[in-house]
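All remarks here apply to the structure that follows.
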Amino acid sequence: MEGFEVLYPMGFDAFGLPAENYAIKTGIHPSIVVKKNIKNFTRQMKSIGFSFDWDRVISTTDENYYKWTQWIFLKMFENGLAYKAKIPINWCPKCKIGLANEEVVAGKCERCASSVEKKEKEQWLLKITKYAQRLIDDLDSVDYIERVKTMQKNWIGRSDGALIKFKIQSEKLKVNEDFLEVFTTRPDTLFGATFMVIAPEHVLIRNQESVISNREEVKKYVEMAKGKSDLERTESKEKTGVEIKGIKAVNPANGKEIPIFTADYVLTGYGTGAIMAVPAHDQRDFDFAKKYNLPIVRVIQPENQELRIKNQGLEKAFEDIENGIMVHSGQFDGMQALECIKKITLWLVEKKIGRPEVNYKLRDWVFSRQHYWGEPIPLIFCDSCKKLMESLKFKVQSSKFSEGEILNPGWVPIPEDKLPLTLPNVKKYEPTDTGESPLSKIDSWVNTKCPRCNSPAKRETDVMPNWAGSDWYYLRYCNPNNNQCLADPEKLKYWMPVDWYNGGLEHTTLHLLYSRFVYKFLWDIGAVPKEIGSEPYKKRTSHGMILGEGGEKMSKSRGNVVNPDDVIEEFGADVLRMYEMFIGPFNQAASWDTKSILGIKRFLDRVWLYSNKFKVQNSKFKIKEDVNVLKLLHQTIKKVSVDIESMGFNTAVSALMILSNELLNSADQKSFETFLILLSPFAPHITEEIWREVLGHKKSIFKEAWPKFDPNLIISKEAQIVIQVNGKVRDKIIMPAGTDELSAVQIALLSEKIQKFASKENIIKTIHIKDKLLNIVVK
RNA sequence: GCCCGGAUGGCGAAAUUGGUACACGCACAACACUUAAAAUGUUGCGACCGUAAGGUCAUGUGGGUUCGAGUCCCACUCCGGGCACCA
């Protein structure tokens, strides 16, 4: 209605666990269920009146779509961004299947309640960490709600610090044998490191096994830690750990021997999987030191004398680096802690015991799933190619092999012209008892020929995670049926980047970040035209969830699901739409309340009733234009226009109601029509009906131009000034617009109500905000 | 535990940058219409004191900054989202 061409697409992304689990339960093939559900969702969305472009619908489970999802994976492989590594999966020893995190409830298998273990498995990973810095930096160039930017930045989690080497020596031999490397953001606290903690998975435990004197105890602890998820390991308030006896570390700053512990609050995935513990200045280390009675050495003192006295008790770690002075730190004593970070890092480099380092929390993306219902990974493992690669060793760089093949010897990509690699039919959808995908049971599919050397070879049987399809769908919407490439570059240039992307907040760190990564990769390799820019989405907003009555998430098991079909049946689609918009702020969760829906129904009923006056009296029904109503009408045009842009739908509806309360007594046809146009995006069905059938217009209301407000009609000649005395409201006086402070005070002092509290004599000062407020401060 | 949000009448909520707290709607009550009910319309509706005029107190809790705080700062409580294999 404002004259723009708008691409507003809808599609279906149905690979993943829910469809697969349904198939396991019912034996119906996921593709059949997915088709059925898509049909139903489409019918429902159409009945609500969404203005999607139904010619561009895509489905990530279609062969013609996932052909390109597989193509993207091949490109990543080719460019060395995909690699195989051993990654633990959740393993249920009784069911003999791998479990998703969601299927593990409090460390137990959701189906059989036995304890879940970690099992190492070779899986494909994507090097998203290579893009970490760009994913942070480019956030400055997009218009995302602040909350989303913050969450992404924290998730990627850049920290600047230092890598420090600690020598390890066996207690008996006193010989330097090994070393432990730690990453720390606080090298300034090095002198305060009184012990070290390593993750239970740390290689040091294996490497030093022969000299560890309490081997059994350590092993037991390591086993126990295997059963816990990262979340469980870090969430427990009570820290646990075991000292690794028989070896010690040496603090390189002061040469002191310090004990080494293993504790599950240190994770392998972050940093080096080992930390130097500085109990005086880190709360977790502090709690650990208290529990195991370890020395706590204060190396930073509060600068402020008062704070210093308050802090002497050492009941808490002192983490305030901004206001700290170094103590007990040799040549660094007396320095500002903040400044000391730089100095001590330089010193580490000089002494060759450390160096500056940037670390990210972000981990590489595990891209394998041992399931059936996903895109097959289009790679083939060939033993003879592997042997050839190994024999070539140093010559491979100048060879015909891609980076991916060099990185993953023996893995050969399927030629692009053989895509899509379609999912074969299976009879059973459960993963196998080895933890492999059910695809591994289909010999005719697994056994194949190497596309490179024609030797017998085997297909990869893992499939891709659900995210794979949704990483690039915005590109496909621009050109949904292209068989030659992802999407025609000219079409991409026309539509991309996405102007406005709305989605749930729960997608902020995973889907949103993954898709930005994949887009950047495609942009780097030229699969997406350079002109579009390095970010796929210009603007990102998020909506809240509609909860069931009583504030709980709608779910079948709770029996509180509201079916839109029923609401539409009883009240109509427009009432449903407007109720959801009116329910509360767009970005906040809201509970469904069937009672409140009546307000919207009454509102639309009144509109309908009023419109019929124009019909009955054959358009002769006419009332003089009322200046005040006209002013309100133009204020509402402004309000509704602004609110739609900022997604203040609840206040836009409220503004329309306020206008209707005035207008629907006295409106002439012209004003009423303007009101209808304002209402049309909210209630498209009823407004179109009135527009054409009642008012007799030939063209659709949606062909009308969006109304513009007249600024002259909004300006007021008078203003109500709130008069406060000492900040308390004592009177409200109407004054001519633009009254200055002096006159306002004079007028205010004439008011009896004000005279009770203020007079010329006791005024200390006055604060005046033009046309709004006057505050008189008295003694 | 860590990261990000939120808390305002009986209820959903409003309050564009610190400037009239509770707009709009629901529920409730009274009245009108009706034989009656529903629907519709009109009016009232934060708490306390007061016939009223008016006053005092109120935006999760406790402190602070300010002429003035729902809004800013500090500490805390509770609730929601995320924590990498639900998507």
Side-chain angles (χ1 to χ4, degrees), chain A residues 13-18 21 87 89-90 98-104 123 128 146-155 157 229-237 239 265 269 283-284 361-371 465-467 470 504-511 513-514 542 544-545 547 551 553 579 582-585 587-600 602-603 605-606 609 639 642-643 646 648 650-651 653-658 661 720-729 731-732 753 756 764-769 772-778:
Chain A
D13 185 25
F15 271 137
L17 270 194
N21 284 341
I87 294 291
I89 59 166
N90 300 311
L99 298 173
N101 286 345
E102 200 192 39
E103 299 170 300
V104 181
Q123 309 208 57
I128 189 173
E146 228 18 74
R147 197 177 166 183
V148 167
K149 282 193 186 184
T150 313
M151 279 164 86
Q152 287 219 348
K153 271 186 198 154
N154 291 342
W155 181 261
S229 68
D230 284 5
L231 182 56
E232 286 170 308
R233 282 167 59 163
T234 47
E235 87 182 336
S236 54
K237 275 184 188 163
K239 310 252 174 306
Y265 78 93
Q283 194 57 43
R284 283 168 311 172
K361 278 207 192 82
L362 185 68
R363 306 202 293 260
D364 276 340
W365 176 11
V366 182
F367 205 68
S368 286
R369 299 289 183 274
Q370 294 74 46
H371 285 282
N466 173 270
W467 314 109
S470 59
L505 267 169
E506 71 275 17
H507 289 294
T508 304
T509 42
L510 299 180
H511 161 70
L513 198 68
Y514 290 151
S542 287
M545 213 187 293
L547 306 170
K553 209 169 167 173
Y579 171 63
F582 190 56
I583 201 166
N587 58 7
Q588 257 175 51
S591 310
W592 184 269
D593 180 16
T594 303
K595 271 193 220 150
S596 298
I597 225 174
L598 280 173
I600 299 289
R602 287 181 192 139
F603 166 69
D605 281 349
R606 278 196 292 270
L609 223 65
K639 172 84 178 148
V642 169
D643 280 356
S646 63
N650 55 334
T651 47
V653 172
S654 141
L656 287 168
M657 285 174 166
I658 293 168
N661 288 341
Q720 188 195 62
I721 313 288
V722 173
I723 316 291
Q724 297 181 333
V725 178
N726 287 350
K728 285 201 169 178
V729 179
D731 202 3
K732 295 161 194 175
K753 289 177 192 168
K756 273 162 75 180
I764 297 169
K765 67 168 173 176
T766 56
I767 288 122
H768 180 239
I769 293 158
K772 231 175 185 177
L773 175 134
L774 176 71
N775 187 11
I776 301 170
V777 185
V778 299

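This is a predicted model, so every value here is computed, not measured. Keep in mind that the numbers below use all heavy atoms, side chains included, and drop hydrogens, waters and symmetry copies. Convention: sequence-line order gives letters A, B, ...; per-chain numbering from 1.
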Those residues that, when tested against [X], pass side-chain contact (heavy atoms from CB on, under 4.5 Å) (two or more places apart):
{"X": "A:K728", "value": "A:R730"}
{"X": "A:A589", "value": "A:L547"}
{"X": "A:S542", "value": "A:I145, A:V148, A:L505, A:R540"}
{"X": "A:P585", "value": "A:N587, A:Q588, A:N650"}

Quiz item: Applying a 3.5 Å limit to both distances, which nucleotide forms a Watson-Crick or G-U wobble pair with B:U17?
Solution: none
Self-check item: Residue matched to B:A75 through Watson-Crick or wobble contacts both under 3.5 angstrom
Solution: B:U61
Quiz item: Should A:K765 be listed as having a side-chain N or O under 4.0 Å from OP1 or OP2 of B:U66?
Solution: no
Quiz item: What residues, two or more places apart in sequence or in another chain, satisfy ring-ring contact (aromatic ring centres under 6.0 Å, His included) together with A:Y579?
Solution: A:W592
Within this structure, what is the [atom1]-to-[atom2] distance between [X] and [N], rounded to whole angstrom?
{"X": "A:K639", "N": "B:A23", "atom1": "NZ", "atom2": "P", "value": "15 Å"}
{"X": "A:N587", "N": "B:G80", "atom1": "CG", "atom2": "C1'", "value": "13 Å"}
{"X": "A:Q724", "N": "B:U66", "atom1": "CD", "atom2": "P", "value": "17 Å"}
{"X": "A:I583", "N": "B:C11", "atom1": "CD1", "atom2": "C1'", "value": "12 Å"}
{"X": "A:I723", "N": "B:G68", "atom1": "CD1", "atom2": "P", "value": "18 Å"}

Quiz item: In chain order, what residues pass the salt bridge (Lys or Arg N to Asp or Glu O under 4.0 Å) check against A:K639, with sequence neighbours excluded?
Solution: A:D643
Quiz item: Quick one: side-chain hydrogen bond (donor to acceptor under 3.5 Å, both in side chains) partners of A:H511, sequence neighbours excluded?
Solution: A:S470, A:Y501
Self-check item: Contacts of type side-chain hydrogen bond (donor to acceptor under 3.5 Å, both in side chains), residue A:N90, not counting sequence neighbours
Solution: A:N101
Enumerate all atom pairs, one protein N or O and one N or O from nucleotides 83-87 of chain B, separated by less than 3.5 Å.
unit_1, atom_1, unit_2, atom_2, d
B:A84, O5', A:N101, ND2, 3.4
B:A84, N6, A:K361, O, 2.9
B:A84, N1, A:R363, N, 3.0
B:C85, OP2, A:R369, NH2, 3.3
B:C85, O4', A:R369, NE, 3.3
B:C85, O4', A:R369, NH2, 3.4
B:C85, O3', A:N101, N, 3.2
B:C85, O2', A:N101, N, 2.5
B:C85, O2', A:N101, OD1, 3.1
B:C85, N4, A:Q123, OE1, 2.7
B:C85, N4, A:Q123, NE2, 3.1
B:C85, N4, A:Q370, OE1, 3.2
B:C86, OP2, A:N101, N, 3.2
B:C86, OP2, A:E102, N, 2.5
B:C86, O4', A:E102, OE1, 3.0
B:A87, OP1, A:L17, N, 2.9
B:A87, O3', A:N466, OD1, 2.4
B:A87, O3', A:N466, ND2, 3.2

At a cut-off of 3.5 Å, list every protein nitrogen or oxygen paired with a nitrogen or oxygen from nucleotides 77-79 of chain B, distance to 0.1 Å.
none

Grab the N/O contacts between the protein and nucleotides 4-9 of chain B below 3.5 Å, and write none if there aren't any.
unit_1, atom_1, unit_2, atom_2, d
B:C4, O2', A:R147, NE, 3.2
B:G5, O4', A:R147, NE, 3.4
B:G5, O2', A:R147, NH1, 3.1
B:G5, O2', A:R147, NH2, 3.4

Quiz item: Using atom P of each nucleotide, how far apart are B:U65 and B:U71 to the nearest Å?
Solution: 15 Å
Exercise. Between B:A32 and B:A39, how far apart are the C1' atoms? Round to whole Å, please.
Key: 14 Å
Considering only nitrogen or oxygen atoms on both sides, find all protein atoms under 3.5 Å from nucleotides 24-30 of chain B and state each distance.
unit_1, atom_1, unit_2, atom_2, d
B:G25, OP1, A:N661, ND2, 3.4
B:C26, OP1, A:R602, NH1, 2.6
B:A27, OP2, A:R602, NH1, 3.4

